[in-house]
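Reviewing the structure listed below.
Each chain gets a letter, A, B and so on, in the order the sequences are listed, and its residues count up from 1. From a predicted model like this one, the values you see are computed outputs, not experimental measurements.
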Amino acid sequence: MSAAALAVRGLSVAYGTAVVVRDLSFDLQPGEVLALVGLSGCGKTTVLRALLGLLPPSARVDGRLRAAGEDLAPNDRTALRRRLGHAIGFVAQNPFDACAPHRSVRAHIEEAWRALGHRPDPARIAALCDRLGLDPAMLDRFPHEWSGGMLQRANIAAALALDPPVVLADEPTSAVDADNAKAVMACLRDGGRSVLVVSHDLDLMARTANRILLLENGRIAAETPAGQAYAETAPGPIRTFARAAALVRPPEPSAAPPLLECQDLVLVRGARPLFPPLSLRLRPGEVLGVVGPSGSGKSSLLAALAGRLPPAAGLILRDGAERPPRRGEVLTLFQNALSSMNPRWPIERVVAEPLTVGPVRLARAARAAAARAMLARQGLAEVDPGRRPWQLSTGQTQRVTLARAALARPRLLLADEPTSALDPRQRCLAIEGLARIAAAGSAVVLVSHDRGMLDRVCHRVVTLDPCSTMRP
Amino acid sequence: MNGSRFAGARGWPRALGRIGLQAGLAALGASVLVWAMLPLAPGDPVDMILAARRIEEPTAAQIAELRARFGLDLPLWQRYLHWLGGVLRGDLGLSWRTGEPVAEALLRRLPATLQLVGLSLAVSVVWSLALALIAVRWAGRWPDRLVMAYTRVFAAIPAFVLALLVLQFVVVGLGLGRVLSGGAGITLVLAAVVLGIDRAAGWTQLLRATLAEQMARGPADVARARGAREARILAVIALPPALLPWLTALGISVGGLIGGAPVLETIFTWPGVGAYLLQALSVRDVPVIQAFVLIAVLAYVAVSSSVDALALLIDPRLRAPREGRA
């Protein structure tokens, strides 16, 4: 094999007769950031877990692996993990899920040594904090007292503790906001390390990786230098992937009078104002993006717009008057679509539900027909309308709630991170659904921590700057 | 990690204060209910006292004397305060049956019962902890199956049936200990093991399930990817969070442990409060029953407050002030 930092040859993973990864071979060069990109279910996370020996015993793993000058057999999981402790660092997707909640972050970092029976090295920890911009005083605090971006850096510090030449990272930026995502990627490659990163964010990878491998059905479908991922010369599958994830912007709103207006709105948590006084106007058909770091009051703002949270100061005017929202005027879409549906109802009934509260009572058959038409418009025509919500994929459940929202025809639709759990293709479909609802005349407020997406989708974007952040 | 675990000490005093306040209120509320057994019971207490003493044709003077002696001529709230004041001074009233102070009679017998309950609690804590760890360490293999078989069988068998079987086969069959113990140490061990192992079955099932769940979660996976051995992951990463539901269940069933002790004491002829209490129950000797229930309730409150405090020690998130990150 070559002098690669990590060489994978003929890696296959199967569960019974279902083959998830087929005969995969690639090299990770020293100092290279290699991105494994693909849609949900393409096998990219399975590849990573196979390399770390984390797949369950029911998975059949074949192939060879060479790391840190050692030949390893990925099918002997226990032996593999013991050898990898020094050779490969691992950064998990969600920093809060990676840390044991009952142990301080310092203990989490020190575990790198203790797991292998060594004594922790305080000088190395201090050096890592310095490099990664971590406050050493915070280390004795517990994970729940940290912000997501900072905790992900601490996880990187933990992965780098034993100075492994290779780091594997599973969607390391998906739980942090856009500003922190770039910082996290910079921390990962710090010092010329080799990084294998799994992601569905082609955009971020094109900016931060060296090389991109596109996975489809457990095979490498295409390979490109990261800088040329969006070029005309990029391989066909990569261009298709990029197009599938391309986001549409709804048509410009009409010049109708604003249906909602905020004047110097102030919201508080405890006694602390969340953001400086905020003024905004929303016209029918307008899509307004709201972006801000975790804890900046995005969800509180939605609650105030929905009339659930009284403002501490300032005015919220609806149709120019200060009044609470009428029934059915405001509708909220949630990040976790599944939890907003009755699990015992078929999706047809979930979608038709708004038709049961209006002034006109439609017959059951008419309601079902309307629901089916709406499901079809959300690209769910081939899904059996008698299925229950939990039988659908995450992306499909979010589009079911969009179909329901489209039937409800609220004047104001509030969407709280509706796409954060979706892969690029599903996100694109969900955004199309939102755009359709806006084009039909609803005003949409779209909250996200993905600034790039908001810039492409929304007519205007409001940034919430926290008045003061208690956490770094 | 030693030392650093206690670094986030900011929420401690308030959280501990809350637990103490809750415990105090619970104890006070329970004392009202326990005391109310007497005025709520049907019939005139004096008749019950006379019945307990088997005096069939009392004179008017005897009745008046009893009424004054037991404070039954006072209004209810005075009787409660009077009773509460007595309890706080360690005076649990006079037995209706014998006329002797209940506190003295109970104190003579209580240490033996506490020995039994304490030892059986220790047995079941160690037993269920060990079995659950073994089951999860070798999940799906024969140690796990064996443990699960034990928990299913013993969760279904009442402790007294097990006790009778042990008497039959261990004491009579093997000649270990005596059927009429008179307080021999070997009997204490037998009774504690029976009570403990029977009680531990459900706890083992619970702890095994939560441990297995923790072993499949993110922190355990991250530790695996860093080369940690399964045994270390089990002890350091998975066990502390898994202990929380187990501790809660443990605290709840301590009440049953105390309530169940008299039956076993009778079977093993252990000189605890059991026989005394059964006698008191048979003649409705209310002050004795009151005193026993009060002690059981206070022990329960003490144990569940300790469990809450232990939970604070294990999970720093519980120490945090109520507001905080969503």
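Of the listed residues (A:Ala161, A:Ser299, A:Pro164, A:Ala158), the greatest number of heavy-atom pairs within a distance under 4.5 Å of chain B belongs to A:Ala158.
Residue pairs satisfying the salt bridge (Lys or Arg N to Asp or Glu O under 4.0 Å) criterion with at least one member in residues 139-152 of chain B, sequence neighbours excluded, are listed as follows: B:Asp144-B:Arg208.
Ring planes of B:Phe154 and B:Tyr150: tilted class, angle from 30 to 60°.
Checking B:Trp127 against B:Thr204 by side-chain atom types alone, no donor-acceptor pair falls below 3.5 Å. Checking B:Trp203 against B:Thr151 by side-chain atom types alone, no donor-acceptor pair falls below 3.5 Å.
Heavy-atom distances place both the backbone and the side chain of A:Ala98 under 4.5 Å from chain B. Only the backbone of A:Ile109 comes within less than 4.5 Å of a heavy atom in chain B; its side chain stays farther off.
Proximity of a side-chain donor or acceptor of A:Asp97 to a complementary backbone N or O of A:Gln93 within less than 3.5 Å is not detected.
Proximity to chain A among residues 212-231 of chain B is limited to B:Arg217, B:Gly218, B:Pro219, B:Asp221, B:Val222, B:Arg224, B:Ala225, B:Arg226, B:Gly227, B:Ala228, B:Arg229, B:Glu230, judged by heavy-atom separations below 4.5 angstrom.
Using a 4.0 Å cut-off between a side-chain N of Lys or Arg and a carboxylate O of Asp or Glu, B:Arg232 and A:Glu111 qualify as a salt bridge.
The closest side-chain heavy-atom distance from A:Leu51 to A:Ile88 is not below 4.5 Å.
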